[in-house]
K.L.:
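Structure below; questions to follow.
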Amino acid sequence: MNNLILQIDTSTTICSVVLSENGETLAVIDLDEPNAHAAKLTVLIAEILTQTNRTMPDLSAVAVSMGPGSYTGLRIGVSTAKGLCYALDIPLIAINTLEALFLGYKGQFGTTEGEVYLPMIDARRMEVYTAVYDHNAALVKATSAEIIDADYFNELLSSYSRVHLFGSGADKFEDLFSSTDRVNILTGFNASAAFLSTLAFDKFQRKEFEDIAYFEPFYLKDFLVTPAKKKVGLL
């Protein structure tokens, strides 16, 4: 039986849509444009179905990158995925963004024993959402929000020979760690819904589905609204 899964990743500035069949990626659309999530997500979904000569009723499930990541992006992606699942009466699958990012990296570049890997999603200033994986994809440190400074990796480097940083949050540390080759930074490596294919199909086979009514993105941190400063009137 062919299980067709629509995959959505809006956790970063990239608006990404993929169609996969039995865990194999059929087509990918990655769009990096301002406000693409709100304005283009449904258009990209229609486009990828047209490209692959499929229709909405052909879908077996929808998989969505659940976070951490952009609050607004995640909200749009998850809302769209839930709406499709509800309308089509198909299951919703949620994938941790950092786990997918790590497996995407591992699939392209491989991993080395004794080294650790940190997928990173950009947050504000020197902060990132990250997790630590070893070469076998075992979780060394769970997902958290971290502020990175020049000494941040000292403890990890006492146990591992090298750390690898990648994802939208890694690029800003290129200068900070330029003096050491024990902190390797791969710039320009972005999240993509293509990285969800294997994980989504595995969850589909195990029937690890979300409750469409109650599922919420993994925001990691609460969305904070900064109060506007009061204007002082002129006399």
Side-chain angles (χ1 to χ4, degrees), residues 9-16 32 34-35 37 64-78 94-106 108-109 111-112 114-192 195-196 199 216-229:
D9 189 333
T10 54
S11 61
T12 67
T13 58
I14 309 295
C15 186
S16 181
D32 189 3
N35 304 314
H37 303 334
V64 65
S65 186
M66 64 182 283
S70 160
Y71 181 93
T72 302
L74 290 172
R75 182 169 53 81
I76 293 169
V78 168
I95 305 294
N96 182 287
T97 304
L98 294 172
E99 183 181 5
L101 190 59
F102 166 73
L103 290 180
Y105 175 95
K106 186 175 186 290
Q108 291 188 36
F109 303 102
T111 55
T112 302
E115 302 181 1
V116 286
Y117 301 82
L118 285 82
M120 291 181 163
I121 301 294
D122 192 23
R124 293 184 177 184
R125 301 181 179 87
M126 300 303 280
E127 188 174 27
V128 294
Y129 304 125
T130 189
V132 183
Y133 295 87
D134 72 8
H135 73 288
N136 280 325
L139 195 59
V140 176
K141 186 177 186 297
T143 299
S144 59
E146 302 287 337
I147 296 174
I148 308 298
D149 59 25
D151 299 319
Y152 180 83
F153 297 109
N154 290 351
E155 185 176 349
L156 268 177
L157 289 171
S158 67
S159 302
Y160 299 93
S161 60
R162 205 175 192 207
V163 300
H164 298 265
L165 317 182
F166 49 92
S168 64
D171 296 8
K172 59 188 176 184
F173 302 123
E174 189 173 17
D175 291 339
L176 184 63
F177 296 107
S178 60
S179 62
T180 175
D181 62 358
R182 296 190 69 193
V183 180
N184 177 54
I185 300 173
L186 176 65
T187 59
F189 188 80
N190 294 311
S192 172
F195 301 155
L196 276 60
L199 292 167
E216 292 291 334
F218 179 33
Y219 292 122
L220 191 58
K221 297 201 317 183
D222 292 334
F223 181 65
L224 300 177
V225 178
T226 304
K229 293 181 179 179

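Atoms considered below: every heavy atom in the structure, side chains included; atoms not considered: hydrogens, waters and symmetry mates.
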K.L.:
Ignoring hydrogens and angles, state whether a donor on the side chain of H135 or E115 is under 3.5 Å from an acceptor on the partner side chain.
P.N.:
no
K.L.:
For this output row, return yes or no: ring centroids of Y133 and Y117 closer than 6.0 angstrom.
P.N.:
no
K.L.:
CG of L176 to CD1 of I148: how many Å apart, nearest 0.5 Å?
P.N.:
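With rounding to 0.5 Å, CG (L176) is 9.0 Å from CD1 (I148).
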K.L.:
Before giving the answer on side chain to side chain contact (heavy atoms under 4.5 Å, CB included), spell out for F153 and L165 the whole-Å C-alpha distance, their side-chain angles and the decisive distance to 0.1 Å.
P.N.:
CA-CA 11 Å; F153 297 109; L165 317 182; 3.5 Å; yes
K.L.:
Could you go step by step and tell me if I121 and T130 meet the side chain to side chain contact (heavy atoms under 4.5 Å, CB included) rule?
P.N.:
CA-CA 7 Å; I121 301 294; T130 189; over 6 Å; no
K.L.:
So F177 and F173, would you call those rings parallel, tilted or perpendicular, with 30° and 60° as cut-offs?
P.N.:
perpendicular
K.L.:
With side chain to side chain contact (heavy atoms under 4.5 Å, CB included) as the test, would you mind laying out the steps for M126 and D149 before giving the verdict?
P.N.:
CA-CA 8 Å; M126 300 303 280; D149 59 25; over 6 Å; no
K.L.:
Just grab all the salt bridge (charged side-chain N to carboxylate O under 4.0 Å, His left out) pairs involving residues 171-185, residues at least two apart or on different chains.
P.N.:
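Sorted result for residues 171-185: D122-K172.
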K.L.:
Could you grab the distance from atom OG1 of T97 to atom CE of M66, nearest 0.5 Å is fine?
P.N.:
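One finds 8.0 Å between OG1 of T97 and CE of M66.
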K.L.:
So, for V128 and G169, which heavy atoms are closest and what is the spacing to 0.1 Å?
P.N.:
CG1-O, 3.6 Å
K.L.:
For residues F195 and F102, establish whether the separation of their ring centroids is below 6.0 Å.
P.N.:
no
K.L.:
Rounded to the nearest 0.5 Å, what separates atom CG in L139 from atom CG in D134?
P.N.:
9.0 Å
K.L.:
Going by heavy atoms in the side chains, are L74 and F218 under 4.5 Å from each other?
P.N.:
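They are not in contact (no side-chain heavy atoms under 4.5 Å apart), so the answer is no.
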K.L.:
Which pair of non-hydrogen atoms, one from L196 and one from V64, has the smallest distance, and what is that distance?
P.N.:
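Of all heavy-atom pairs spanning L196 and V64, the closest is CD2-C, 3.9 Å.
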K.L.:
With rounding to the nearest 0.5 Å, note down the distance linking OH in Y129 to OG in S11.
P.N.:
11.0 Å
K.L.:
Show the nearest heavy-atom pair for residues G73 and T10, with the distance to one decimal.
P.N.:
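Result for this residue pair: O-OG1, 2.6 Å.
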K.L.:
Just wondering, more than 12 heavy atoms not from N35 lying within 6.0 Å of its CG?
P.N.:
no
K.L.:
Could you go through the side chain to side chain contact (heavy atoms under 4.5 Å, CB included) check for L186 and F109 one step at a time?
P.N.:
CA-CA 10 Å; L186 176 65; F109 303 102; 3.4 Å; yes
K.L.:
Under a 4.0 Å N-O cut-off, is there an ion pair linking E146 with K141?
P.N.:
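A salt bridge is present here (some side-chain N lies under 4.0 Å from a carboxylate O).
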K.L.:
Can you tell me how far the CD1 atom of I14 sits from the OG atom of S192, to the nearest 0.5 Å?
P.N.:
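Rounded to the nearest 0.5 Å, the CD1-OG separation comes to 8.5 Å.
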K.L.:
Is any side-chain heavy atom of P119 less than 4.5 Å from a side-chain heavy atom of Y105?
P.N.:
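They are not in side-chain contact.
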K.L.:
Working to the nearest 0.5 angstrom, can you tell me the gap between I95 CD1 and L101 CG?
P.N.:
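Reported value, rounded in 0.5 Å steps: 13.5 Å.
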K.L.:
What are the two closest heavy atoms between L199 and A100, and how far apart are they?
P.N.:
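In this case the closest contact between L199 and A100 is CD1-CA, 3.8 Å.
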K.L.:
Looking just at side-chain N and O atoms, do T12 and S168 make a donor-acceptor pair shorter than 3.5 Å?
P.N.:
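There is no such pair between these side chains.
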